[in-house]
Amino acid sequence: MESGLGSNRNERHWIFKDDSWFSQFRNGSNPWMARYAYALIFLVSNLLAWAVRDYGHNAFPEMEKLKNCQGGRGCLGAEGVLRVSLGCFAFYFVMFLSTAGNSRMYNCRDSWHSGWWSAKIGLWIALTVTSFLVPTFIVQIYGEIAHFGAGVFLLVQLVSVISFITWLNDCCQSEKTAERCHIHVMLLATAAYIICIFGIIMMYIWYAPEPSCLLNIFFITWTLVLLQLMTSASLHPKINSGFLTPGLMGLYVVFICWCAIRSEPAGESCNRKAEASNKTDWLTIISFIVALLAMVIATFSTGIDSQCFQFSKKEARTEDAVPYCYGFFHFVFATGAMYFAMLLIGWNTHHTIKRWTIDVGWTSTWVRIVNEWLAVCVYLWMLVAPVILKWRQTSESA
């Protein structure tokens, strides 16, 4: 029995090392290739949700019989998005339950994650079709839960981004690379601050053209204050983290602030960019496609970054250890399914949203703004927490 298992393991190891990427994918021997297949399924679900939202009324008029739409014509699109999202969530949640806790390759759960694609694609299609047959009240309940799930996804993504920034800073400040990377760090930090200031100035020009635009002025000015706060905290003598991390975090919060203001509904006098894009043109379509691809890429990159959520001591990596946490990977995609639903309906289950738009509405704006403030709070806590812990340990020993 053991010899049979060993020969199977050696056979898979040989395929993993020597075969082409197509052979690895077909034989289910490469979990790194599997993640691209899961990302492709996620992208197709996004596109299907968009198609149901924007063109479902004309293409699927019989869907009216499957639901009790109380929100008018736009409600069909919103509920259609939720139904596609429900099917996608169910698929990745099943994958999460079936792979969570697996830490070794060359077993049945590893094979299920990396292979059996015909069965899994059939499962995904069946769950998506089933989501259009469930009663409306279940979809409404899922829509409320999806608000929470999308918030969890944003939090996980936020921690992942901050962990990457702090990891990059630690690598640049390590003894081996500190002298060699000193100039590169200064150039990168300087470029980050220049882009941050330039972005803030452009947001004042585009989104606060008049003194009456008090809300946008507050959003932009408070972002500038947060940038200064992060820089001051990072340069404190007891922390001394340098300019790189607050500069990169500044890019992140300025980008979130820009996304938040762009999410304001068209027709607002202070959002001239939204008014300019009120008509569907090639630029609007390109912006929508880029936003959709960015969401898939963000979900993909966050899903393989489970190390920033390991609070226990890291054990030595064995030869047959999984390359990334399968359960966490599918959990991120499951919450990502809720997140793309919220973006496509503007975080409002009865929201009528324009074609070729994504994440538009006052709810979307405030979600972005709160996410920006939360990002700064998490970053500041990650700076201050080691100092507080060290101070408490010193006080207890004294």
Side-chain angles (χ1 to χ4, degrees), residues 5 8-9 12 16 24-25 27-45 85-128 130-131 141-142 145-161 163-164 295-341:
L5 180 61
N8 184 38
R9 177 179 300 183
R12 281 199 60 189
F16 184 83
Q24 293 174 12
F25 177 77
N27 289 284
S29 57
N30 192 342
W32 288 109
M33 289 302 305
R35 59 186 186 148
Y36 292 103
Y38 289 115
L40 181 61
I41 292 174
F42 188 76
L43 175 61
V44 173
S45 295
S85 172
L86 176 59
C88 184
F89 166 79
F91 171 73
Y92 285 106
F93 191 69
V94 169
M95 294 303 304
F96 164 73
L97 293 178
S98 58
T99 60
N102 182 46
S103 59
R104 295 287 181 265
M105 296 178 64
Y106 316 118
N107 57 32
C108 58
R109 289 201 288 175
D110 172 59
S111 299
W112 169 243
H113 171 80
S114 304
W116 294 85
W117 290 107
S118 299
K120 285 187 293 190
I121 292 175
L123 175 64
W124 167 64
I125 294 175
L127 291 172
T128 302
T130 304
S131 67
I141 294 173
Y142 171 76
I145 298 174
H147 287 84
F148 173 76
V152 172
F153 174 82
L154 286 174
L155 182 61
V156 171
Q157 186 184 51
L158 185 153
V159 173
S160 178
V161 170
S163 297
F164 171 76
M295 178 175 58
V296 175
I297 293 172
T299 307
F300 175 81
S301 59
T302 305
I304 60 175
D305 184 23
S306 59
Q307 294 184 355
C308 59
F309 294 90
Q310 292 179 355
F311 302 101
S312 58
K313 266 190 173 182
K314 293 183 180 179
E315 300 177 356
R317 184 178 177 84
T318 58
E319 185 181 350
D320 61 343
V322 293
Y324 54 91
C325 181
Y326 297 162
F328 179 81
F329 177 83
H330 293 297
F331 173 78
V332 170
F333 272 85
T335 55
M338 295 180 172
Y339 179 63
F340 82 67

Asks: Under the side-chain hydrogen bond (donor to acceptor under 3.5 Å, both in side chains) rule, what pairs show up with a residue in residues 85-97, not counting sequence neighbours?
Replies: Ser85-Tyr142

Asks: Just to verify, what does Thr335 make a side-chain hydrogen bond (donor to acceptor under 3.5 Å, both in side chains) with, not counting sequence neighbours?
Replies: none

Asks: Not counting sequence neighbours, which residues clear side-chain contact (heavy atoms from CB on, under 4.5 Å) with Ile125? List them please.
Replies: Ile121, Val129

Asks: Under the side-chain hydrogen bond (donor to acceptor under 3.5 Å, both in side chains) test, which residues partner Thr130, sequence neighbours left out?
Replies: none

Asks: Taking side chain as C-beta onward, heavy atoms only, is Leu154 less than 4.5 Å from Leu158?
Replies: no

Asks: Among side-chain atoms of Thr99 and Trp112, is any donor-acceptor pair under 3.5 angstrom?
Replies: no

Asks: Please step through side chain to side chain contact (heavy atoms under 4.5 Å, CB included) for the pair Ile145 and Met338, ending with a clear verdict.
Replies: CA-CA 8 Å; Ile145 298 174; Met338 295 180 172; 4.1 Å; yes

Asks: If you compare all heavy atoms of Arg109 against all heavy atoms of Ala100, which two are closest, and at what distance to 0.1 Å?
Replies: NH1-O, 2.7 Å

Asks: Sequence neighbours left out, what passes side-chain contact (heavy atoms from CB on, under 4.5 Å) with Phe93? Give chain and number order.
Replies: Phe89, Phe96, Leu97

Asks: Compare every heavy atom of Ser131 with every heavy atom of Gly87, then report the nearest pair and how far apart it is.
Replies: N-CB, 3.8 Å

Asks: Is it true that the NZ or CZ of Lys120 lies under 6.0 Å from the centre of Trp117's six-membered ring and within 45 degrees of the ring axis?
Replies: yes

Asks: Measuring only between side-chain heavy atoms, which start at C-beta, is His113 closer than 4.5 Å to Phe329?
Replies: yes

Asks: With Tyr36, which residues qualify under ring pair (Phe, Tyr, Trp, His ring centres under 6.0 Å), at least two apart?
Replies: Phe300

Asks: Enter the distance from Phe148:CZ to Phe153:CZ here, rounded to the nearest 0.5 Å.
Replies: 14.5 Å

Asks: Got a sec, which residues hit ring pair (Phe, Tyr, Trp, His ring centres under 6.0 Å) with Phe42, two or more places apart in sequence or on another chain?
Replies: Phe333, Phe340

Asks: Are the aromatic ring centres of His330 and Phe91 under 6.0 angstrom apart?
Replies: no

Asks: Checking Ser160 side chain against Val156 main chain: does a donor-acceptor pair fall under 3.5 Å?
Replies: no

Asks: State which residues pass side-chain contact (heavy atoms from CB on, under 4.5 Å) with Ala150; sequence neighbours excluded, sorted by chain then number.
Replies: Tyr339, Met342, Trp347

Asks: In Å and rounded to the nearest 0.5 Å, what is the CG to OG distance from Leu127 to Ser45?
Replies: 10.5 Å

